[in-house]
Trainee: 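The structure under discussion is supplied below as structure tokens; questions concerning it will follow.
It should be emphasised that the depicted structure is a prediction, and the values quoted were computed from it without experimental measurement. Proteins come first, then strands; the chains are lettered A, B, ... in the order of their sequence lines, and each starts at number 1.
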Amino acid sequence: MYYVVTIATLVTMALALVRALIGPTVYDRVLTVNMFGTKTVLLLSVIAFLAGRPDFLDLALAYALINFIGVLAVLEFFKSRSVRREQERGADTESDGGGTE
Amino acid sequence: MNSAPDVPTDNHSARAHLARVLLLAVLLAAAWLLWSGFFKPLILMLGALSCAIVLITAHRMHLFDTDIFALRFTARLFRFWLWLGREIVRSSLEVTRIVLNPKLPIKPTVVEFDAHCEHPVDRVILGNSITLTPGTLTLSLDDQHFTVHALTEEGARDIQDGEMDRLVSELRSR
Amino acid sequence: MMDQALIKIVLDTISWILLTAGAFFVLVGGIGALRMPNLYTRMHAASVTDTMGAVLVLCGVMVQAGLSLATIKLAAILLFLLITSPTSSYALAHAALLAGIKPAAGHAADEEHHA
């Protein structure tokens with residue numbers, strides 16, 4: 001019965017990859033990376049029991065940590081990039097949601 | 001990140017400070033022992049070292065100057081969790097119905113409102129609870145001003161009714 | 001002996017139901033992320049997987065694990081996911097908002113609080 005969850009998770013990961021490939025903005029891609037990470041954690045937890053290897057749970061927790069930190073770091077990177085572009089463009093358009101930092 | 005400097009500090013700060021350090025140290029040590037499961041001197045020393053590094057880093061982040069453990073585990077908190085769980089199940093089914101509907105009947109709405117809860121921890125709880133409930137998403141949180149994106153008008157109405165806000169701001173009252 | 005076999009059957013059934021429901025919600029999140037028209041609506045779909053999917057799947061595995069260290073670890077993973085997933089969703093939505101990606105629809109009818 002673990003196979004149902006494993007297959008559903010794998011299919012969802014494939015769907016997320018499709019969205020990552022067509023996703024128009026970079027934030028769509030970050031969203032799918034985040035989804036992919038959550039799916040990986042679930043998959044690892046299920047496989048730990050499917051294969052009878054409980055030490056996979058430690059990997060799942062470590063992956064959850066890395067996924068969270070990684071997404072935040074990538075977002076911080078893109079945020080600083082968009083702020084820099086805003087500055088380079090000069091102060092001619094300061095209306096739409098520029099950096100409030 | 002605006003790490004709010006207006007966080008309320010309490011009067012007997014030295015004792016509360018020490019209590020927070022000790023609480024975090026105990027939690028970290030318990031987590032290490034639970035996860036490693038080895039009781040060899042070298043591993044235990046490495047664990048003590050990592051706990052010390054985390055405590056020093058937390059101290060340098062001024063984490064102990066604010067009441068980070070401000071959440072009181074009262075019956076009210078558990079009632080809130082029960083309510084939140086029911087709400088999550090209800091709105092998950094709602095979003096599932098929308099996603100599987102061939103016509104995709106969405107009507108994205110942006111709601112702005114001022115929350116009643118004042119404590120920073122309460123605001124984080126409220127913002128995260130809104131995001132945790134499928135169908136509503138916290139877009140921005142500026143002091144007490146929340147901007148929430150809702151998938152349907154129904155979800156937007158639920159947010160504007162402010163029941164979650166009321167429940168969260170009641171968490172701290174006794 | 002009879003009772004233990006019965007309890008095992010009941011537990012297996014419960015965990016099977018939880019796992020299947022979890023798999024269903026995980027799949028719904030994936031389909032939603034593909035079908036929804038823009039970023040913010042996609043995030044709503046993704047949050048179905050992050051909450052219902054994760055809770056149901058991990059609870060189903062927890063029922064299988066019984067009272068053991070594995071259950072504690074699974075509970076820790078679940079707690080961690082429930083804290084971090086809205087936080088990273090908020091970071092993503094806020095970063096997208098700052099970058100100027102607009103939510104598709106206009107504001108709600110009553111804007112009494114709007115400055």
Trainee: How long is the gap from CD1 on Ile77(C) to OH on Tyr63(A), to the nearest 0.5 Å?
Mentor: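 It is 13.5 Å, given to the nearest 0.5 Å.
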Trainee: With only heavy atoms counted, which part of Val57(C) is less than 4.5 Å from chain A, the side chain, the backbone, both or neither?
Mentor: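 For Val57(C), the side chain is the part near chain A, not the backbone.
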Trainee: Which atoms of Ala65(C) are under 4.5 Å from chain A, going by heavy atoms: the side chain, the backbone, both sets, or neither?
Mentor: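 For Ala65(C), the contact with chain A is made by backbone and side chain together.
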Trainee: Please flag which part of Leu65(A) lies under 4.5 Å from any non-hydrogen atom of chain C: side chain, backbone, both or neither.
Mentor: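 Backbone plus side chain of Leu65(A), per the 4.5 Å heavy-atom cut-off to chain C.
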Trainee: Picking from Leu34(C), Leu74(C), Val61(C), Leu27(C), which has the most non-hydrogen pairs under 4.5 angstrom with chain A?
Mentor: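 When all of Leu34(C), Leu74(C), Val61(C), Leu27(C) are compared, Leu34(C) has the most.
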Trainee: Measuring from atom OG of Ser89(C) to atom CE of Met35(A), what distance do you get when rounded to the nearest 0.5 angstrom?
Mentor: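 Here the interatomic distance stands at 10.5 Å.
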Trainee: Hey, which residues of residues 43-51 of chain A are touching chain C, say heavy atoms under 4.5 Å apart?
Mentor: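 Residues of residues 43-51 of chain A touching chain C at under 4.5 Å: Ser45(A), Val46(A), Phe49(A).
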Trainee: What distance do Ile69(A) atom CD1 and Thr84(C) atom OG1 have between them, rounded to the nearest 0.5 Å?
Mentor: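 One gets 9.5 Å once the value is rounded to the nearest 0.5 Å.
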Trainee: Please identify, among Ile22(A), Asp28(A), Val18(A), Val41(A), the residue contributing the most non-hydrogen atom pairs under 4.5 Å to chain C.
Mentor: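 Winner by heavy-atom pair count: Asp28(A).
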Trainee: Return the option, out of Thr20(C), Leu92(C), Leu58(C), with the maximum number of heavy-atom pairs under 4.5 Å with chain A.
Mentor: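 Option with the greatest count: Leu92(C).
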Trainee: So, taking the atom named CG in Leu75(A) and the one named OG in Ser88(C), what distance separates them when rounded to the nearest 0.5 Å?
Mentor: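 If we round to the nearest 0.5 Å, Leu75(A):CG and Ser88(C):OG are 8.5 Å apart.
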Trainee: Go through the atoms of Ile31(C) and report whether side chain, backbone, both or neither lie under 4.5 Å from a heavy atom of chain A.
Mentor: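 The answer is both parts of Ile31(C).
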Trainee: Using a 4.5 angstrom heavy-atom cutoff, name the option from Thr38(A), Leu31(A), Thr9(A), Leu72(A) with the most pairs to chain C.
Mentor: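 If we count pairs closer than 4.5 Å to chain C, Leu31(A) comes out on top.
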Trainee: If I measure from the heavy atoms of chain C, does Asn67(A) come under 4.5 Å with its side chain, its backbone, both, or neither?
Mentor: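 Neither the backbone nor the side chain of Asn67(A) comes within 4.5 Å of chain C.
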Trainee: What residues of residues 10-17 of chain A sit under 4.5 Å from chain C when only non-hydrogen atoms are counted?
Mentor: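 Only Val11(A), Thr12(A), Leu15(A) of residues 10-17 of chain A have a heavy atom under 4.5 Å from chain C.
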Trainee: Examine whether an atom of Val5(A) lies under 4.5 Å from a heavy atom of chain C, and if so say whether it belongs to the side chain, the backbone or both; otherwise answer neither.
Mentor: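 Contact with chain C is through both the backbone and side chain of Val5(A).
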Trainee: Between Leu39(C) and chain A, with a heavy-atom cut-off of 4.5 Å, which part of the residue counts as in contact: side chain, backbone, both or neither?
Mentor: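 It is both, since atoms from each part get that close.
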Trainee: Which bit of Met36(C) is near chain A, if near means a heavy-atom gap under 4.5 Å: side chain, backbone, both or neither?
Mentor: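 For Met36(C), the contact with chain A is made by the backbone alone.
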